[in-house]
Amino acid sequence: MTKAEQLQTVAILVPGDFNDHAVDRINHTFRPVPIERADPSLVTEEMRSKVRGIASFAGINAAMMDALPNLELIASFGVGYDSVDVGHAAAKNIMVTNTPDVLTEEVADTAIGLLINTIRDLPRAETWLRDGSWVRKGNYPLSRLTLRGRKVGIFGMGRIGQAVARRLEAFGLPVAYHNRRRVEGLSYQYHPTLKGLAEAVDTLISVAPGGASTEKAVNAEILSALGASGVFVNIGRGSTVDEAALAAALANGTIAAAGLDVFADEPNVPKALLDAPNTSLLPHVGSASDHTRRAMADLCVDNLVSWFTERRPLTPVPETAHVKAKAIPGKV
Ligand code: NAP
Ligand code: 8YV
């Protein structure tokens, strides 16, 4: 058998409604195994004995990994992988890959769009034009807020955070940041605590990953430190925010406005945030262009191809970078 013929025998589980381009490539390269969702109760005996890889948007928990004893690789679609139990994967010698870099500039563009929508009220101004208010009532009211004179803090100065910061430099705005560690070679002001950052700026952009270490990190104390002219933008993960505290801060004037692309329980958005006049909301579209989703799909599938031909991943997550592929005699 040629390598390509051998690859067509490798069973890859594809939960739910996956990216079309990724599905196309998996169908042509591997033996695709669709499943309604990543739920161990839906795993058949056939899947249990055959599946060696998963390509997934969705979270993969420990029970799902345990239901697939021959699982070698989880190729996660997206850079954030908080919904995959990577600790369990590492303990079971299962490799996890993600799709960094190829989406960085797109997500940074979206963050800037959301920031401007939030501050200058552009979505509501467009509605004013479209619903005839411009003709009936006259000019749209002046925006209460402006980007001019703002100081911006970035929570999560990684790949995307730095791409956002580069854009803000071009806007003439000073940038500071908080990470657990200072980033070598960056001249932006570093704050060792999120509270210190929030006190020093009036505009906080979160690009931090989800997970235990950031759970509800943006809470009432941080919002109060941001202050009454404060604007909060979240393009990272919804779990990093205490949404009840955010809704209260928006309602009582603790901060001025918020722009959110991500939510704690997607696609459900708390009514208080939907109803607030000072929010700008997007349905998790940070990377959602054909161009960028295709690049993510290619990297997701290239990880599968590399693992099952070269026996190494292209973009492993740090927690499983040490995992080595087992040699399977006579097989890819
Ligand atoms: P990255 O390069 O790994 O950057 C993450 C940054 O967050 C790092 O600088 C890291 O620095 C910091 N960080 C991590 N845990 C922290 C903690 N507990 N406290 C403070 N800082 C912490 O990742 P990226 O490629 O920029 O992506 C960032 C996140 O954006 C993803 O994980 C994902 O959740 C989100 N995202 C959203 C969309 C969207 O559509 N809205 C699209 C893509 C990505 P330290 O390790 O030094 O703390
Ligand atoms: C995707 C994202 O929408 O990469 C991420 O972490 O949040 C987005 O790019 C998501 O991963 C699709 O599943």
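Order of listing sets the numbers, starting from 1, for every ligand and every atom in it. As the structure is a prediction and not an experimental result, all values here were calculated from the model. We're numbering straight along the sequence, starting at 1.
Ion pairing between Asp121 and Arg144 fails under the 4.0 Å rule for side-chain N and carboxylate O. Of the charged side-chain nitrogens involved, none lies within less than 4.0 Å of a carboxylate oxygen, so that Glu105 and Arg159 do not count as a salt-bridged pair. Ion pair Asp202/Lys151 not flagged as a salt bridge, since none of the NZ, NE, NH1 or NH2 atoms sits closer than 4.0 Å to an Asp/Glu carboxylate oxygen. Salt bridge Glu72/Lys92: absent, no basic N to carboxylate O contact under 4.0 Å. Between Lys50 and Glu45 there is no salt bridge, since no side-chain nitrogen of the basic residue lies less than 4.0 Å from a carboxylate oxygen of the acidic one.
Side-chain N or O atoms of Asp24 include none that pairs as donor or acceptor with a backbone N or O of Asn27 at under 3.5 Å. A donor-acceptor contact shorter than 3.5 Å is absent between the side chain of Thr104 and the backbone of Ile160. Remark: side-chain polar atoms of Arg52 are not paired, donor with acceptor, to backbone N or O of Ile12 under 3.5 angstrom. Of the possible polar contacts, one joining the Asn278 side chain to the Leu250 backbone as a donor-acceptor pair under 3.5 Å is found. A distance-only check finds no donor-acceptor pair linking the side chain of Thr320 to the backbone of Val323 [under 3.5 Å]. Formation of a donor-acceptor pair under 3.5 Å by the Thr193 side chain with backbone atoms of Gly196 is found in this model.
For the pair Cys300 and Phe77, the tightest heavy-atom approach, listed with the atom from each and the gap, is CB-CD1, 4.3 Å.
A heavy-atom cutoff of 4.0 Å around ligand 2 is satisfied by the protein residues Phe57, Phe77, Gly78, Val79, Gly80, Leu103, Arg237, His284, Ser287, Arg293, Met296.
Residue contact check: Ser287 has heavy atoms under 4.0 Å from atoms 40 (O) of ligand 1. If you number the atoms of ligand 1 from 1 as listed, the ones under 4.0 Å from a heavy atom of His178 come out as 20 (C). Which parts of ligand 1 touch Arg181 is read off a 4.0 Å heavy-atom cut-off, strictly below it: atoms 45 (P), 46 (O), 47 (O). Within the listing of ligand 1, atoms 39 (C), 40 (O), 41 (N) sit less than 4.0 angstrom from a heavy atom of His284. Near Gly286, meaning under 4.0 Å from one of its heavy atoms, ligand 1 places the atoms 39 (C), 40 (O). Listed by number with element, the atoms of ligand 1 under 4.0 angstrom from any heavy atom of Ile160 are 24 (P), 25 (O), 26 (O), 27 (O), 30 (O), 43 (C), 44 (C). Atoms of ligand 1 lying under 4.0 Å from at least one heavy atom of Gly156, given by number and element, are 6 (C), 7 (O), 12 (C). Residue Gly80 has at least one heavy-atom neighbour below 4.0 Å for each of these atoms of ligand 1: 31 (C), 32 (O), 33 (C).
A donor atom on one side chain and an acceptor atom on the other are not found under 3.5 Å apart for His21 and Asp290. Side chains of Glu126 and Tyr140: no donor on one and acceptor on the other come within 3.5 Å.
Residue Thr104 has no N or O atom closer than 3.5 Å to an N or O atom of ligand 1. An N or O contact shorter than 3.5 Å is missing between Gly161 and ligand 1 by distance. Annotation: Gly158 places an N or O atom under 3.5 Å from an N or O atom of ligand 1; distance criterion only. In terms of polar-atom proximity, Thr214 is not counted as a contact of ligand 1, lacking any N or O under 3.5 Å from an N or O of the ligand. An N or O contact shorter than 3.5 Å is missing between Asp82 and ligand 1 by distance.
Nearest to atom 37 (C) of ligand 1 by heavy-atom distance, out of Ile235, Val183, Val107, is Ile235. Among Thr110, Val207, Thr99, Leu197, the residue whose heavy atom lies closest to atom 30 (O) of ligand 1 is Val207. Comparing Leu282, Asn234, Asn179 by heavy-atom distance to atom 12 (C) of ligand 1, the nearest is Asn179.
Side-chain contact between Thr240 and Lys216 is absent, with no heavy-atom pair separated by less than 4.5 Å. Ile35 places a side-chain heavy atom less than 4.5 Å from the side chain of Met64. Looking at Leu145 and Arg120, their side chains never come closer than 4.5 Å, going by heavy atoms from C-beta outward.
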Start with the C-alpha gap between Phe155 and Tyr177, add the side-chain angles, then the distance that decides, and say whether ring-ring contact (aromatic ring centres under 6.0 Å, His included) holds.
-> CA-CA 6 Å; Phe155 171 31; Tyr177 72 100; over 10 Å; no

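At least one heavy atom of Phe155 sits less than 4.0 Å from an atom of ligand 1.
Residue contacts with ligand 1 for Met157 involve N, CA, C or O but no side-chain atom from C-beta outward (heavy atoms, distance under 4.0 Å). The proximity of Val262 to ligand 1, defined as any non-hydrogen pair under 4.0 Å, is limited to the side chain.
Nearest to atom 33 (C) of ligand 1 among the protein's heavy atoms is Arg237 NH1, 3.6 Å. Counting only heavy atoms of the protein, atom 3 (O) of ligand 1 lies nearest to Arg159 NH2, 3.5 Å. When hydrogens are left out, the protein atom nearest atom 44 (C) of ligand 1 is Val79 CG1, 3.3 Å; that is the closest non-hydrogen contact. Of the protein's non-hydrogen atoms, the one nearest atom 35 (C) of ligand 1 is Gly236 O, 3.5 Å. Scanning the protein for heavy atoms near atom 16 (C) of ligand 1, the closest one is Arg180 NE, 3.5 Å. From the protein, the heavy atom lying nearest to atom 5 (C) of ligand 1 is Pro209 CD, 3.9 Å. Nearest to atom 18 (N) of ligand 1 among the protein's heavy atoms is Ser213 OG, 2.8 Å.
Using bins of under 30°, 30° to 60° and over 60° for the plane-to-plane angle, the ring pair His178/Tyr190 lands in the parallel bin.
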